[in-house]
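Every value quoted in this text rests on a predicted model; they were computed, and no experiment measured them.
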Protein chains: 2
Amino acid sequence: MSLVTEIEKYLKKLFGNRDVIEVQRNELAEFFNCVPSQINYVLSTRFTPAHGYLVESRRGGGGYVRIIKLSWNVIPQYFLKELSEDVRPGISQQDAEGVLKRLFEDELITNREYNILKAIMDRDTLALNLPERDMIRARIMQALFTTLCRDDF
Amino acid sequence: MSLVTEIEKYLKKLFGNRDVIEVQRNELAEFFNCVPSQINYVLSTRFTPAHGYLVESRRGGGGYVRIIKLSWNVIPQYFLKELSEDVRPGISQQDAEGVLKRLFEDELITNREYNILKAIMDRDTLALNLPERDMIRARIMQALFTTLCRDDF
DNA sequence: CTTGTTTTGACCTTTACTGACCTTTTGGTT
DNA sequence: AACCAAAAGGTCAGTAAAGGTCAAAACAAG
């Protein structure tokens, strides 16, 4: 079994029934007798949002790598389709508002969150020209979805 | 947890309900068993105007370090001002996170909202080159403030 | 033998901590 | 007053302690 797979298994076991773990990159690399960047390879190929994980990290003294388990099932399938298809690298303000409204109706976001997000995704807030504006709105929507799938808070 | 974080927590606890505290730099350094300049590091990385704090100090006999918690009446001015001045328009990710942290600490946004907004304002989400990225982040922050000031929900 | 995956290492960026040296303020001494 | 020493706090450059990136080499599968 390849190293990447062993490290992947090790980390997944580490979760237990928690949904967030924290490791030191160098420590882990030492434990598996490999170069530190190998850890990054594991993270970027096995712990992506598509795999249901989110990775946060911090450099410097007291730095860490934090892996957060996502549960994509909180987001109904129809939303996922909407964004995962690369047919749509961008999303219009109209469509975005539609998605937000639906999220609110499905009680996945609060009224307050709805209003904040609507203001953020407004074309006057983004204030970019058209191909970029819709692209960035899509990325913001993506970030929202990913965060909604976190259940560590 | 790094020393800087421990000192930060200690100081924030020290506030209690007050909005201004006073400490002796050397005393504090002795208490935490570190060099005095470490205290300056804490102040300059964790108690900036973007975090909603102001630091005043005096040297010499009877000297002190005074940390003032800014009110939300004035905090926005600190970076919205920079938007109109054409010197450095925009807000960095660091500063934005400071503002969000303070909003959360003051219970003006929930933990969930904090995480959503942090993800949205992340440089990887905005994914623009530098003058524009910070500008759009400032506009998003502005939109957030405007919406938070609404009281119709 | 070509293609995709894994592994490695050189080089980089960010964050935290330290120490040497500097400035300001106060208060006593002459 | 003028001076000086002690008692604060400030600055900055250097070091240490993390983690990140990228491309090349090695390997595996078809």
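Using a 4.0 Å cutoff on non-hydrogen atoms, the parts of residues 32-40 of chain A near DNA chain D are A:Ser37, A:Asn40, ordered by number.
Looking at heavy-atom distances under 4.0 Å, A:Arg46 makes contact with sugar-phosphate atoms alone, never a base. In this structure, B:Gln94 reaches the sugar-phosphate backbone alone: every heavy-atom distance under 4.0 Å involves primed, P, OP1 or OP2 atoms, never a base.
In this structure, B:Leu3 places its CG atom 17 Å from C1' of D:dT15, rounding to the nearest Å. In this entry the distance linking CZ of A:Phe47 with P of D:dG19 reads 16 Å, nearest Å. Here the P atom of nucleotide C:dT15 and the CG atom of B:Leu43 are 18 Å apart, to the nearest Å. To the nearest angstrom, C1' of D:dG9 lies 15 Å from CD of B:Glu30. When the P atom of C:dT7 is taken as reference, atom CD of A:Glu8 falls 12 Å away, rounded to whole Å. Atom CD1 in B:Ile7 sits about 13 Å away from atom C1' in C:dT18, given to the nearest Å. Protein atom OH of B:Tyr64 is 15 Å distant from nucleotide atom C1' of D:dG10, rounded to whole Å. Atom CD in B:Glu22 sits roughly 13 Å away from atom C1' in D:dA8 (whole-Å rounding).
Within the 4.0 Å cut-off from OP1 or OP2 of D:dA7, not a single side-chain nitrogen or oxygen of B:Arg25 is found. Note on B:Arg58: every side-chain N or O is 4.0 Å or more away from OP1 and OP2 of D:dG10. The phosphate of D:dG10 has OP1 or OP2 within less than 4.0 Å of a side-chain N or O from B:Ser57. The side chain of B:Tyr41 contributes no N or O atom lying less than 4.0 Å from OP1 or OP2 of C:dC17. Between D:dG9 and B:Asn26, a contact under 4.0 Å exists linking OP1 or OP2 to a side-chain N or O.
Note: A:Phe15 and A:Tyr53 have tilted aromatic rings, judged against thresholds of 30 and 60 degrees for the angle between ring planes. Relative ring orientation between A:Phe32 and A:Tyr10 is described as perpendicular, the plane-to-plane angle rising above 60° on a 0-90° scale split at 30° and 60°.
Distance alone, capped at 3.5 Å, places no donor-acceptor pair between the B:Arg66 side chain and the B:Glu56 backbone.
Residues A:Cys149 and A:Ile75 have side chains in contact (heavy-atom distance under 4.5 Å, counting atoms from C-beta outward). Here the side chains of A:Ile39 and A:Val23 are not in contact, with every heavy-atom distance at 4.5 Å or above.
Across A:Ala143 and B:Ala119, no two heavy atoms sit closer than the pair CB-O, 4.0 Å. Here the closest non-hydrogen pair linking A:Val65 and A:Arg25 is CG2-CB, 4.3 Å.
A:Met135 and B:Leu128 are members of different hydrophobic clusters when ILVMFWY side chains are connected at heavy-atom separations under 4.5 Å.
A salt bridge links B:Glu8 to B:Lys12: at least one charged side-chain nitrogen sits closer than 4.0 Å to a carboxylate oxygen.
Checked against a 6.0 Å centroid threshold, the rings of B:Tyr114 and A:Phe153 do not count as neighbours.
For A:Val4, counting side-chain heavy atoms from C-beta on, the closest listed nucleotide (C:dT6, D:dA18, D:dG9) is C:dT6.
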What does the list of N/O pairs under 3.5 Å between the protein and nucleotides 21-24 of chain C look like, with a distance for each?
| unit_1 | atom_1 | unit_2 | atom_2 | d |
| --- | --- | --- | --- | --- |
| C:dT23 | O4' | B:Arg59 | NH1 | 3.0 |
| C:dT23 | O2 | B:Arg59 | NH1 | 2.6 |
| C:dT24 | O2 | B:Gly60 | N | 3.3 |

